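Report on the structure given below.
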Amino acid sequence: MIAVCVVVYIVQILPVSAGQLLSPLPDLTELWAYAPAYTAAWYPVFEPWRMLTSAVLHHPGNAMHIAFNMLALWFVGRAMEPEIGRTRFIALLVLSAWGGSLAILLSSVLGLSSPFGPTVGASGAVFGLFGALFILMRSSGSETGGIVALVVINMAVSFLVPNISWQGHLGGLITGVLVALIIAKAPRRNRVLWTSVGLSGLAVGLLVLTAVGIQLVPIP
């Protein structure tokens, strides 16, 4: 995931630094960024994959954006992936990224944000890791004060600092918590089966909410 984000970031910044006329590379920021309008039923362009592709993009003019996300992914991911397994870890990242974009979609439905406001970043997936880590540590009886403080501080920054998508962070956090609850609460007997069923059910729930949101995005 880190490698993908770094390679994509290089492709993002090359057209910016060299100029579109000098670079044969596509402007991935424009092609893959997510805005609710791209999944609105009334909009002429329907590109739902942006809900996930936006998670591998980062602000091309802000290196700290990708640096923070990749450091968080590295430190939390190294601790979590061996514990829950690669497949469930990938599911956690993908569902959390989707949940972050879904929260942005629902935010526009509620009139809290513009349907045309583009968002990029792996922050939704990273906040999903934070939420999942809290649940898994809690389930194992570990001290959770540190992760709680980390989440509170970063959520506060999300609300207080302009041009940060608190919706994406909150959506990723909630989805990560749900994924971890499914993993932690799955019965020991046939755990793989129950976990697969639970995660599939969560994906269906996200799909239903996405389908509803698509129909309700307000026409500007």
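In this text the structure is predicted, and so the values were computed from the model without any measurement.
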Specify the closest pair of heavy atoms between [X] and [Y], including all atoms of both residues, with the distance to one decimal.
| X | Y | value |
| --- | --- | --- |
| Ile182 | Gly198 | CD1-O, 3.3 Å |
| Val56 | Gln12 | O-OE1, 4.5 Å |
| Val217 | Pro115 | CG1-CB, 3.7 Å |
| Ile214 | Leu105 | N-CD2, 4.1 Å |
| Thr29 | Pro60 | OG1-CG, 4.1 Å |
| Glu47 | Leu31 | OE1-O, 4.3 Å |

How long is the gap from [atom1] on [X] to [atom2] on [Y], to the nearest 0.5 Å?
| X | Y | atom1 | atom2 | result |
| --- | --- | --- | --- | --- |
| Asn163 | His59 | CG | NE2 | 7.5 Å |
| Leu216 | Leu209 | CG | CG | 11.0 Å |
| Leu129 | Glu81 | CG | CD | 10.0 Å |
| Leu150 | Met155 | CG | CE | 12.0 Å |
| Leu102 | Met51 | CG | CE | 5.5 Å |
| Ile164 | Ser123 | CD1 | OG | 8.0 Å |

Transitive ILVMFWY side-chain link [X] to [Y], under 4.5 Å:
| X | Y | value |
| --- | --- | --- |
| Trp194 | Ile183 | no |
| Met1 | Ile90 | yes |
| Leu106 | Phe46 | no |
| Leu133 | Ile153 | no |
| Trp32 | Tyr43 | yes |

Is [Y] close to [X] at the side-chain level, that is, under 4.5 Å between some pair of heavy atoms?
| X | Y | result |
| --- | --- | --- |
| Asn69 | Cys5 | no |
| Val151 | Phe134 | no |
| Val126 | Leu93 | no |
| Leu92 | Met80 | yes |
| Tyr34 | Thr53 | no |
| Leu136 | Glu83 | no |

Mind checking what makes side chain to side chain donor-acceptor pair (under 3.5 Å) contact with Ser158, not counting sequence neighbours?
-> His169
Ignoring hydrogens and angles, tell me if any N or O in the side chain of [X] forms a donor-acceptor pair with the backbone of [Y] under 3.5 Å.
| X | Y | result |
| --- | --- | --- |
| Trp166 | Val161 | no |
| Thr39 | Pro36 | yes |
| Thr175 | Ser96 | no |

Do Ser107 and Ser113 have side-chain atoms, one donor and one acceptor, less than 3.5 Å apart?
->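 Yes, Ser113 and Ser107 have a side-chain donor paired with an acceptor closer than 3.5 Å.
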For Ser165 and Ile104, what are the C-alpha separation, side-chain angles and deciding distance, and is it a side chain to side chain contact (heavy atoms under 4.5 Å, CB included)?
-> CA-CA 8 Å; Ser165 176; Ile104 295 170; 3.6 Å; yes
Starting from the C-alpha separation in whole Å, work towards a yes-or-no answer on side chain to side chain contact (heavy atoms under 4.5 Å, CB included) for Thr144 and Ile147.
-> CA-CA 6 Å; Thr144 57; Ile147 187 63; 4.0 Å; yes
According to the ring-ring contact (aromatic ring centres under 6.0 Å, His included) rule, which pairs have a member within residues 62-101, sequence neighbours left out?
->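 Output for this query lists His58-His65.
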With side chain to side chain contact (heavy atoms under 4.5 Å, CB included) as the test, would you mind laying out the steps for Ser101 and Ser54 before giving the verdict?
-> CA-CA 8 Å; Ser101 294; Ser54 60; 3.8 Å; yes
Does NZ or CZ of Arg50 fall inside the cone over Tyr38's six-membered ring, less than 6.0 Å from its centre and within 45° of the axis?
->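 Pair Arg50/Tyr38 counts as cation-pi.
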